[in-house]
> 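Here's a structure for you.
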There are 2 protein chains.
Amino acid sequence: MNDKKLKIINAAKKSFSHFGYKATTMDQIAKIAQVGKGTIYTYFSSKEEMLKAIIDLFVVEMRDVAESAIPRRQPFIKSFNEVLHTITKFQSEHELMIKLSQEVKEIGTPEVIAAMKSVEDEICEFIEVKIETAIERGELRKCDPKITSFLMFKMYVNLVNDWKERHEPLDKDQIAELINTYFIEGIGMKNEDY
Amino acid sequence: MNDKKLKIINAAKKSFSHFGYKATTMDQIAKIAQVGKGTIYTYFSSKEEMLKAIIDLFVVEMRDVAESAIPRRQPFIKSFNEVLHTITKFQSEHELMIKLSQEVKEIGTPEVIAAMKSVEDEICEFIEVKIETAIERGELRKCDPKITSFLMFKMYVNLVNDWKERHEPLDKDQIAELINTYFIEGIGMKNEDY
DNA sequence: TAATGACCAATTTCGTATTTTAGTCGAAAA
DNA sequence: TTTTCGACTAAAATACGAAATTGGTCATTA
């Protein structure tokens, strides 16, 4: 990625983080990046493409962080919660994500909704691969990796975000325990229970 | 409930079902109910209170239907999916609920959001009681009934509504099987697996 | 040839006139 | 008296045209 393009990306990231997507103008980005507005369009075909490019970079970073949160030589399933916690924390430490989440709630900008959804998809896909591996290694029973990752991710989000709408928020360890209880062990009676 | 009050309730229900909450005016309700507008206010203190009253009646009906969907002398957990399916079907057969769900998505009327949330809460509470019973009867392992019902309901909604946003929709039986796989049995390796 | 910013069409914002609506209240009816 | 009513009102929603803003283009420039 050449120098000018990087300058533009950084300017856009800064402005999106500070003012949100909708409230950022192309003129503003050009000014921050110290380039003419036309120059932006030699690198990005539209404002939305810029957002996508920035989100893509973010996702790459996020993958790295998530990957490095998986302890070597430990069943993935044990570290699942740790990984999602890391991802959540990573997101919450980035002004960009905070601002964009806000924008989805408060304005509902379609481009931003799509962008945030793509981040969720990436997380799901990340988990999916890990689950496939876990099944191959015999750490998990056979199950559809796509549905499983979808449900695990949703359950995590439900516990972290939705539960606290009407109840005391749950902390990291409680969530880890809950996911293990419901998802891994199951709450049906087992033979050994009798 | 006296005759006039019932007439008003029915008129309101009809209008809400047809035009939605926001697009229904008190004059309209009065006209349909064939009463003066002032009369409405002798029975209901506000438009929102009318909505709540109607929702309350709906919830009572829904509870009955749900209750009767539970086969006698069978573990609740076996019929959980059947019950939720019945509730979902019951809702989807009522113009009122369809219209209000739409209004939440398209307009986001705060009163309607609150009303629909209260319906969800009722469903969760219904499940909660059933889960408590199931635990007492030894059909389920010990677990927090509030969190369990919350998660089961969410998982059901995730599978019915969210999954189909990006994948082929799942049918009733698939969902039943999935909830059983993940929630009841768990996907962790069991002793007997070895 | 890469970069630029004046320019344009389209959308958004803004101010305001107009209409609509939830809720009130004095009077009529029961 | 008690219940019902609908004209009335203040507040909110809407309609709408003018003005400003903005994403994107392109002829000019360095």
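Given the structure is predicted, the values throughout are model-derived calculations rather than measurements. Letters A, B, ... mirror the listed sequences (proteins, then strands); counts begin at 1.
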> Which heavy atom in A:Thr24 sits nearest to a heavy atom in A:Phe19, and how many Å separate them?
OG1-CB, 4.1 Å

> Show the nearest heavy-atom pair for residues B:Met116 and B:Leu100, with the distance to one decimal.
SD-CB, 3.9 Å

> How many Å lie between NZ on B:Lys4 and C1' on D:dC5, as a whole number?
10 Å

> Let's see if you can work this out: which of C:dT21, C:dT4, D:dT14 has an atom nearest to the side-chain heavy atoms of A:Val35?
C:dT4

> Measure CG/A:Asp3 against P/C:dA2 and give the value in whole Å, please.
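That distance rounds to 16 Å.
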
> Could you state the atom-to-atom distance from CD of B:Gln34 to P of D:dT4 in whole Å?
14 Å

> Can you check whether A:Tyr43 has a side-chain N or O nearer than 4.0 Å to OP1 or OP2 of C:dA3?
yes

> Could you run down nucleotides 24-30 of chain D 5' to 3' and tag each one B, S or - for protein heavy-atom contact under 4.0 Å?
BBB----

> Is a salt bridge present between A:Glu67 and A:Lys130, judged by a nitrogen-to-oxygen distance below 4.0 Å?
yes

> Provide, to the nearest angstrom, the distance between the CD1 atom belonging to A:Ile8 and the P atom belonging to D:dG23.
15 Å

> Does this structure show an ion pair linking B:Glu111 with B:Lys22, if we count only N-O contacts that are shorter than 4.0 Å?
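A salt bridge is absent here (no side-chain N lies under 4.0 Å from a carboxylate O).
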
> Atom CE of B:Met50 and atom C1' of C:dT21: how far apart are they, to the nearest Å?
15 Å

> Please state how far atom CD in B:Glu49 lies from atom P in C:dA22, giving the value in whole angstrom units.
15 Å

> Write down the distance between NZ (B:Lys31) and P (D:dC5), rounded to a whole number of angstrom.
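The distance from NZ of B:Lys31 to P of D:dC5 comes to 15 Å, rounded to the nearest Å.
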
> Using the ring of each side chain (for Trp, its six-membered ring), is A:Phe90 parallel, tilted or perpendicular to A:His94, with breaks at 30° and 60°?
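Answer is tilted, since the angle falls between 30° and 60°.
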
> Between atom CD1 in A:Ile107 and atom C1' in C:dT12, what is the gap in whole Å?
13 Å

> Apply side chain to side chain donor-acceptor pair (under 3.5 Å) to residues B:Asn81 and B:Asn180 and explain how you reach the verdict.
CA-CA 9 Å; B:Asn81 185 74; B:Asn180 191 62; over 6 Å; no

